[in-house]
Number of protein chains: 2
Amino acid sequence: MPHSNDPPLSDRTNDALTAAQLYYVQDLTMEAIAQELHTSRSSVSRLLSQARASGLVDIQIRSPLDAPSRVEKLILDRFQVTAHVLPVPDHASDVDRLERVALSVARILGEFFDSNMIMGIAWGSTMNAVSRHLTPKRTHNAQIVQLNGAGNTRSTGLDYANEILRRFSNAYDARLEQFPVPTFFDDPATRTAYWRERGLRRLLEMQGNMDVALFSVGSPFSMVPSHVYVGGYLDDDELAALSDAGVVGDVATVFYRADGSTDGIPLNDRGTGPELSVLRRTPRRICVVAGSSKVDSLRGALAAGLITDLFIDEGTARALVE
Amino acid sequence: MPHSNDPPLSDRTNDALTAAQLYYVQDLTMEAIAQELHTSRSSVSRLLSQARASGLVDIQIRSPLDAPSRVEKLILDRFQVTAHVLPVPDHASDVDRLERVALSVARILGEFFDSNMIMGIAWGSTMNAVSRHLTPKRTHNAQIVQLNGAGNTRSTGLDYANEILRRFSNAYDARLEQFPVPTFFDDPATRTAYWRERGLRRLLEMQGNMDVALFSVGSPFSMVPSHVYVGGYLDDDELAALSDAGVVGDVATVFYRADGSTDGIPLNDRGTGPELSVLRRTPRRICVVAGSSKVDSLRGALAAGLITDLFIDEGTARALVE
DNA sequence: TGACTCCTTGCACATATGTTCAGAGTGCTT
DNA sequence: AAGCACTCTGAACATATGTGCAAGGAGTCA
């Protein structure tokens, strides 16, 4: 065998691929794989880790479709939303909940996003957690769009949002369109003016053509307020105004009431999130919710018809359907 | 919590599903899962085994499409066939090779077969090995058709073939259309007559409408002859006649020469396998080959244009492209 | 009810896998 | 060539997982 050797010496990925095939498909033990690959068992273990982490190995749980859990069915009947209820023990802390829901979503998100698609993404604690666990998936000509601005008056919220978005764009090998504006303008007129800029129009057009939107819901007045509400984006007066207007939550810093209405909420005129009508035009709208403090806000978002697919931990799902 | 408990007590499958979710998606340890499910770690281990064996967990290896192995690319260029080359150590015995290739095919076959499809299946050592490892997949209104008769003059080849076919039909929850005829008739006229029977016409029609065909190639004159050639289906005179006619192999007991031609091979007039033209009309034609003794036969099948997808062990693939 | 089979469970042990760590290799700089 | 920062390796250890086995139901039958 002069030149036509086993794998055409591409690189380490190739070994990982072979190892994965031998391990997951042919059921060999790592020891055996080590022999075939002329390396140590430890290395095989590492190769396999890499294979999983880099998305070479794709593990899916395929629930026999005739058996959506009782709660999932209830949610579908009641809200016309496909729910994915994630098992999390009742005694788990809110941090645990978030982490576990985020992990699940990160693992499955690839199913919803593919080449040539545009995905709009909000930012906040939940998206942050999700972004940290994404399984890479190779796509072509895909695009990530930031849904709402992230600057605030006193800190570098920009970096925070940027980092989240960049993780998505890296994992999916997608172009990233950032939204370099504050979360809220001081004067609605500034926004109106800014929106006419050419760069902004391109971004807004992308938002209008999204295939998938990914977001959580914010819950301003719960025991565990969301990132926006504690990060210095809103002052006390503004919070009071929201409360007066009957706001129960937000999606991408667009606020709504319990019945899903948004009219006459002053802050919305200065915010940078997408019109809810734009969101509703998006074919797939994925909402991630962890922790029952978000139930009221979630109900509002459901009433507003913002969601098509809901990822939610079991306890919160139960709370949702009472 | 009076009646609305965690999973709506359906059954054991439900636990398996939850366990799989927790293990494969949320990366919990079996110990932790045991706690959440209020059972022992051993039981969780068993639940997970069941989840894998019953196809609840689907593990796929997704080669970055831009990196088909060198050999796979060569085969594609040379024969216009999508090859799946399976890593098997060079020193592996033929039995090992077969077993490992069969396992791989059995695991991935679900990708090619779905609801409302018709799959034609041949029988023989290779199909036998594949049938033993199939991962179940739930389908509706699917149909398995036997490609060629399995009776012979002296033993119960029927049971052998039946068992193979039944394994497929069970795994995919598909109806099974058997082919209750001998592998070869003694007199071509009998076949002609039989083919006019209504029951047979229905079967032949199904073969004509197959979406997928699954088969290996037989190698009559190699060191390791295939099942047909040692099972008492052919006597010495018949073998000699094949040899005289320049036959190099068969697919579903239809014989062909090295150039893929079949004209003037007398045994074909008495055989029960599908016309090669029928086979060639099938959109997807999956051939499974393990062991380099089948290379010549495989070349013939490729020349005859019988194959669209080829599963083959690495050594044999190398032999194929020299 | 008692005898029986069949199935499930958890324990204890045997294996298999993940991870730390010290040392070897590589490429770059001086 | 020596120094340095870096990455990769395999041995040894720490965990996690798979499995034989005996014990404990649940169902059936006489």
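Below, each value reflects all heavy atoms present in this structure, side chains not excepted, and no hydrogens, waters or symmetry copies. As the structure is a prediction and not an experimental result, all values here were calculated from the model. Residue numbers start from 1 in every chain, and the chains themselves are labelled A, B, ... in the order their sequence lines are given, proteins ahead of strands.
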For A:D27, the option from B:R100, B:R52, B:R107 that meets side chain to side chain donor-acceptor pair (under 3.5 Å): B:R107
Presence of B:S40 side-chain N/O under 4.0 Å of C:dC11 phosphate oxygens OP1/OP2: no
Side-chain heavy atoms of A:V57 within contact of A:L48, under 4.5 Å: no
Distance, rounded to the nearest Å, where A:R46 contributes CZ and D:dT7 contributes P: 14 Å
Sugar-phosphate, base or nothing in reach of B:S49, heavy atoms under 4.0 Å: nothing
Which protein N or O atoms sit under 3.5 Å from an N or O of nucleotides 14-17 of chain C?
residue: C:dT17; atom: OP1; partner: A:Y23; partner atom: OH; Å: 3.0
residue: C:dT17; atom: OP2; partner: A:T29; partner atom: OG1; Å: 2.7
residue: C:dT17; atom: OP2; partner: A:M30; partner atom: N; Å: 3.0

Nucleotide D:dT9, atom P - distance to CG of A:L37 in whole Å: 11 Å
Donor + acceptor pair across side chains of A:S125, A:N128 (<3.5 Å): no
Those residues that, when tested against A:Y172, pass ring-ring contact (aromatic ring centres under 6.0 Å, His included) (two or more places apart): A:F113
Of the listed nucleotides C:dT8, D:dT19, D:dG10, the one nearest the side chain of A:S43: D:dG10
Salt-bridge present (A:K137, A:D58; N to O < 4.0 Å): no
Short side-chain N/O contact from A:S42 to OP1 or OP2 of D:dG10, under 4.0 Å: no
Pairing residues for B:H84 by the ring-ring contact (aromatic ring centres under 6.0 Å, His included) criterion, not counting sequence neighbours: B:F311
Length of the CG-C1' vector between B:L47 and D:dT19, whole Å: 15 Å
